[in-house]
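The structure appears below as structure tokens.
Model, not experiment: these values are computed from the prediction.
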Amino acid sequence: MIQFTARIACVVLLSASALAQPHHEVVPDWPRLPAGHTLGLCPGVGVDVRNRVFVFHRSGRTWSNPFPKEPIAQPTISVFDGSTGSLLATWGEKRFIMPHGLSIDHEGNVWLTDVGLHQVFKCTPEGKVLLTLGEAGVSGSDHSHFNLPTDVAVLSDGSFYVGDGYKNTRVMKFSAEGRFEFEWGTKGEHDGEFNLPHGIALDSRGRVIVCDRENERLQLFNSRGGFIAAWKGPQLGKPYGLATTSDDHVFIIDGGSPSLKPELRGKAVELDATGAVIDTFGSFGKAPGQFQLGHDIAIGPDGAVYIAEGTGARVQKFVRQREKP
């Protein structure tokens, strides 16, 4: 069962086993890849208000230690029409070392994190770089460096949060101009501590929601980093990425906790604003509608759900099933 854990309350919420059949189904043959166009491993996905789906991918490169030094020669951003799945544009060649997070702000700008470069980028939808944070190829823990940054969440005023995740285990806040404001978090299991802050998103209430991946939970904070609650349970598994809707539903992609049986891993979960499970869909596997390693999730303006696979080299689209008459 999922438990809602806060400083003053502990509420047992709905078990996924009590739910009816999943409300979401996969859209077959989406996207439509032209001949010769491959995505590679897909760690990031986002959708803008024009229903364009931006996919950040590694074009044949795999995670390695140490990371390669040379940028990926092929395009690392592919843009698709959300409705048809047709490829609209590509960019990002000879620029990125190890693509990771992708977010789209209220103005349609594309925010990217590169764990190989230890940098965060704000770009136009066409790929022009508007802002760069961090020093290329140089890790650090001060206010001007990152160490494998994971994801970005942007407020309506342009200020933004960065999950500085794999090594520094913190969340950093910056002004719209990129000026450091404050940070919170250190490595640990207690409230406000992290073991790899991975995905990060905001809801309309101003809550900052963080996938605390290796602690297998979501943590919720106020805008200043004050702890509000933690959501944890086998139905959430190991949250890798998340997205929120205008009515504060939270969609997460479970990358697959090794503590669970295979049939319970690798699913998408829809929660309401209190953390109660509304829907679970997908499962572990390679077939359509399954995930080998779901890494990121995004919601389109029409409510369609897009899930990028860090292993599996694909993006899948899901839509809410129509009620039968």
Lys/Arg N to Asp/Glu carboxylate O, Glu70 vs Arg61, below 4.0 Å: yes
task: Report the residues that fulfil salt bridge (Lys or Arg N to Asp or Glu O under 4.0 Å) with Arg95, sequence neighbours left out, ordered by chain and then residue number.
output: none
message: For the residue pair Thr186 / Glu193, report whether a side-chain donor-acceptor contact shorter than 3.5 Å exists.
response: no
query: Between Arg207 and Phe221, is NZ or CZ placed under 6.0 angstrom from the six-membered ring centre and within 45° of the ring axis?
result: no
field: N/O donor-acceptor pair under 3.5 Å between His198 side chain and Tyr240 backbone
entry: yes
- request: Walk me through it: do Ser141 and Asn147 pass the test side-chain contact (heavy atoms from CB on, under 4.5 Å)?
  value: CA-CA 7 Å; Ser141 58; Asn147 199 335; over 6 Å; no
task: Rounded to the nearest 0.5 Å, what's the gap from CG on Leu41 to OG1 on Thr62? Could you check?
output: 7.0 Å
- request: State which residue, out of Arg265, Lys267, Arg213, Lys238, fulfils the salt bridge (charged side-chain N to carboxylate O under 4.0 Å, His left out) condition with Asp254.
  value: Lys267
task: Using the six-membered ring wherever Trp is involved, compare the ring planes of Trp63 and Phe67 and label them parallel, tilted or perpendicular (cut-offs 30° and 60°).
output: perpendicular
- prompt: Using a distance-only test with no angle check, is there a side-chain donor-acceptor pair under 3.5 angstrom linking Glu135 and His145?
  reply: yes
- line: Here the gap from Gln119 atom CD to Leu131 atom CG, rounded to the nearest 0.5 Å, amounts to 10.5 Å
- prompt: Rounded to the nearest 0.5 Å, what separation is found between the NZ atom of Lys122 and the OG atom of Ser103?
  reply: 13.0 Å
query: Among Phe291, Trp30, Tyr306, which residue meets the ring pair (Phe, Tyr, Trp, His ring centres under 6.0 Å) test with Phe318?
result: Phe291
query: Can Glu270 and Arg320 be counted as an ion pair, charged N to O under 4.0 angstrom?
result: yes
Distance, nearest 0.5 Å, that separates CZ of Phe174 from OG of Ser159: 11.5 Å
- line: The side-chain hydrogen bond (donor to acceptor under 3.5 Å, both in side chains) partners of Thr150 (sequence neighbours excluded) come to none
query: Are Arg52 and Asp81 within salt-bridge range, i.e. N to O under 4.0 Å?
result: no
task: Check whether any side-chain N or O of Asp203 sits under 3.5 Å from a backbone N or O of Gly206 as a donor-acceptor pair, and report yes or no.
output: yes
query: Quick one: do Arg217 and Asp212 make a salt bridge, cutoff under 4.0 Å?
result: yes
message: Go through it in stages, so that I can follow the logic: the residues are His100 and His295, the test is side-chain contact (heavy atoms from CB on, under 4.5 Å), and I'd like the CA-CA distance, side-chain angles, deciding distance and then a yes or no.
response: CA-CA 9 Å; His100 199 273; His295 198 274; 3.4 Å; yes
query: Between Thr244, Leu236, Ile278, Thr280, which is the residue that forms a side-chain contact (heavy atoms from CB on, under 4.5 Å) with Leu271?
result: Leu236
field: From CA spacing to verdict: side-chain contact (heavy atoms from CB on, under 4.5 Å), Phe146, Lys167
entry: CA-CA 9 Å; Phe146 307 103; Lys167 298 294 184 180; over 6 Å; no
- prompt: Does Glu189 CD have over 12 foreign heavy atoms under 6.0 Å away?
  reply: no
message: If we count only N and O atoms by modelled type, under 3.5 Å, do the side chains of His57 and Ser78 hold a donor and an acceptor together?
response: yes
message: Heavy-atom count check: over 12 atoms from other residues, nucleotides or ligands less than 6.0 Å from Asp157 CG?
response: yes
- request: Please assess Gln316 against Glu309 for the test side-chain hydrogen bond (donor to acceptor under 3.5 Å, both in side chains), listing each intermediate value before the final yes or no.
  value: CA-CA 8 Å; Gln316 297 188 78; Glu309 290 187 64; 3.2 Å; yes
task: For Ile200 and Ile209, run side-chain contact (heavy atoms from CB on, under 4.5 Å): C-alpha distance rounded to whole Å, both residues' side-chain angles, the deciding distance at 0.1 Å, then the answer.
output: CA-CA 6 Å; Ile200 184 169; Ile209 309 175; over 6 Å; no
task: Supply the atom-to-atom distance Gln74 CD to His37 NE2, rounded to the nearest 0.5 angstrom.
output: 10.5 Å
